There are 2 protein chains.
Amino acid sequence: MKILLVEDEPKVSAFIKRGLEEEGFEVEVAYDGRFGRQLALSHSYELIILDVILPYFSGLEVLEAIRAQDQQTPVLLLTALGTTQDKLHGFGGGADDYLVKPFDFPELVARVRALTRRRGQQAKGSALSFEDLTLDSAAKTVTRAGQPLKLTAREFGLLELLLRHPGRVLSRAELAADVWEDSFDAGSNVVDVYVNYLRNKVDKPFSRKLIHTVVGMGYVLRAQE
Amino acid sequence: MKILLVEDEPKVSAFIKRGLEEEGFEVEVAYDGRFGRQLALSHSYELIILDVILPYFSGLEVLEAIRAQDQQTPVLLLTALGTTQDKLHGFGGGADDYLVKPFDFPELVARVRALTRRRGQQAKGSALSFEDLTLDSAAKTVTRAGQPLKLTAREFGLLELLLRHPGRVLSRAELAADVWEDSFDAGSNVVDVYVNYLRNKVDKPFSRKLIHTVVGMGYVLRAQE
DNA sequence: CTTCAACCAGCAGAATTTTCATGGGGAAAT
DNA sequence: ATTTCCCCATGAAAATTCTGCTGGTTGAAG
């Protein structure tokens, strides 16, 4: 749960950083708009807290740069500018919350929690990924290295199971039990066949292979040979 | 974009309702905690605005009942109780935002927008669109490439749901649950039939197809093959 | 060094499932 | 009394799923 805090007053930023860390968050601090923007655009955070008045770029300019590339990450503006006009500017620029200094620290924590709560649970819910492979079980989409892959229902189910246990060897029986539910004939080679189909789509077009055979045991999803 | 407002002072609720409707939201009002809770639990809203001090059940009790069954719907608490203690109570109960009365109406609108933006990713009132296809759920009109299309109620509901989740594969069960509500026989092919009707009107007269079937999974709205 | 058995990759076509496209009956609206 | 809309049923077409088989590799025993 990494948070980016962009705030130029060392006292304030140290205070917030320490406080949030005590609450279990991981906090990175940037001391001006330029550095803040760079970090925000190059890293992925659960939440970004922006002071509005900053050296080089204002918080609103940083927000604009973020929203140009990413609509998802929640942004909380934190500033001494408390008029409704200022707030409207902030929300209009795509902020998710606006807190006026001075504030009570517990309220900041509560708002930070409210903004991060939703994301944390929905990310776990639908998106699985391993290396450059991503699978969204709600949208039923799979991409590798950014390219979308077209899988059939069975192939999708099989990959989903592998992706749920990366690095763990799954026996044919385990795979069959989960993907084929009950209707499974032990003497069949369906699993092999589908692993083969999957490899053709997931591994063959790429140089780094992810699906590996462990002779006598089953199949694994892992990085190297 | 339907919002539930639970507020017992008729003056305040009328004021908020009218204001939000001018901004393109659809607002339902409940005048006490009991009725508010009932509506919140039985219907699906994009956002719920709760006054804390209400007859029968307090806003916090209503919030608790909502969160017991649904973690998703954002809740905004709106109240005269402005101490940090009160706010912490609200956030602790699962609220997403907390606004203290008296407030400037534009700020409420901005916060309502911020909370609903992410949900349907439809910021402007009731108009949904994807590529050159547009659907206005308030006006019940659909156009493609500027041309108006004439859809029946079921067709409209189905397209609206697809349009609300572009790029996501929706299973027949999901579609049926939303469009056909409860009266749905699992062995029926109604969904297929209506997707077919929709295609005849939405896709057939145009070269770029938008509705695609994913065999064994469901249907999606997306641009390419 | 040879043989054998176990195991796995890959293919091709058959079997099955899923989807499309229509016709028609009945309900609802006009 | 039409017209429109909703839904079921059906068969054809398309796509997927599965079976059976061939051939290759590996590793251990003879």
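Residue numbering restarts at 1 for every chain, and letters A, B, ... go by the order of the sequence lines. These numbers were taken from a predicted model, which means no experiment stands behind them.
- Closest to the side chain of A:S188, out of C:dC20, D:dT19, C:dA9, is D:dT19.
- Summarising the geometry, atom CG belonging to A:D203 is positioned 8.5 Å from atom CG belonging to A:L133; distances are rounded to the nearest 0.5 Å.
- The interatomic distance linking B:I211 (CD1) with C:dA21 (P) rounds to 12 Å, in whole Å.
- Residue-level contact check: B:Y197 touches the bases, meaning some heavy atom is under 4.0 Å from a base atom.
- Set against D:dC6, C:dA9, C:dT19, the side chain of B:V215 has C:dT19 as its closest nucleotide.
- Under the 6.0 Å cut-off for aromatic ring centres, B:Y56 and B:F35 do not qualify, their centroids lying 6.0 Å or more apart.
- Taking only side-chain nitrogens and oxygens, B:T152 comes nearer than 4.0 Å to OP1 or OP2 of D:dC6.
- Distance from the side chain of A:V190 is smallest for D:dC18 among the nucleotides D:dC18, C:dT19, D:dT17.
- When the nucleotides C:dG10, D:dT17, D:dC8 are ranked by their closest atom to the side chain of A:Y194, D:dT17 comes out on top.
- Nearest nucleotide to the B:D192 side chain, out of C:dT19, C:dA9, C:dC7: C:dT19.
- To the nearest 0.5 Å, atoms CG (B:L158) and OH (B:Y219) are separated by 9.0 Å.
- Residue contacts for B:V193: at a heavy-atom cut-off of 4.0 Å it reaches a base atom on one of the strands shown.
- Regarding contacts with the backbone of C:dC7, every side-chain N or O of A:T213 stays at 4.0 angstrom or more from both OP1 and OP2.
- Between A:W180 and D:dC18, a side-chain N or O to OP1/OP2 separation shorter than 4.0 Å is present.
- In this structure, A:N200 atom CG and D:dT16 atom C1' are separated by 15 Å, rounded to whole Å.
- In this model, a side-chain donor or acceptor of A:N189 finds a partner on the base of C:dG10 within 3.5 Å.
- Taking a 6.0 Å sphere around CZ of A:R111, one finds it holds more than 12 heavy atoms contributed by other residues, nucleotides or ligands.
- Mapping A:R172 and B:G218 onto DNA chain C via the closest heavy atom, the residue that lands nearer the 5' end is A:R172.
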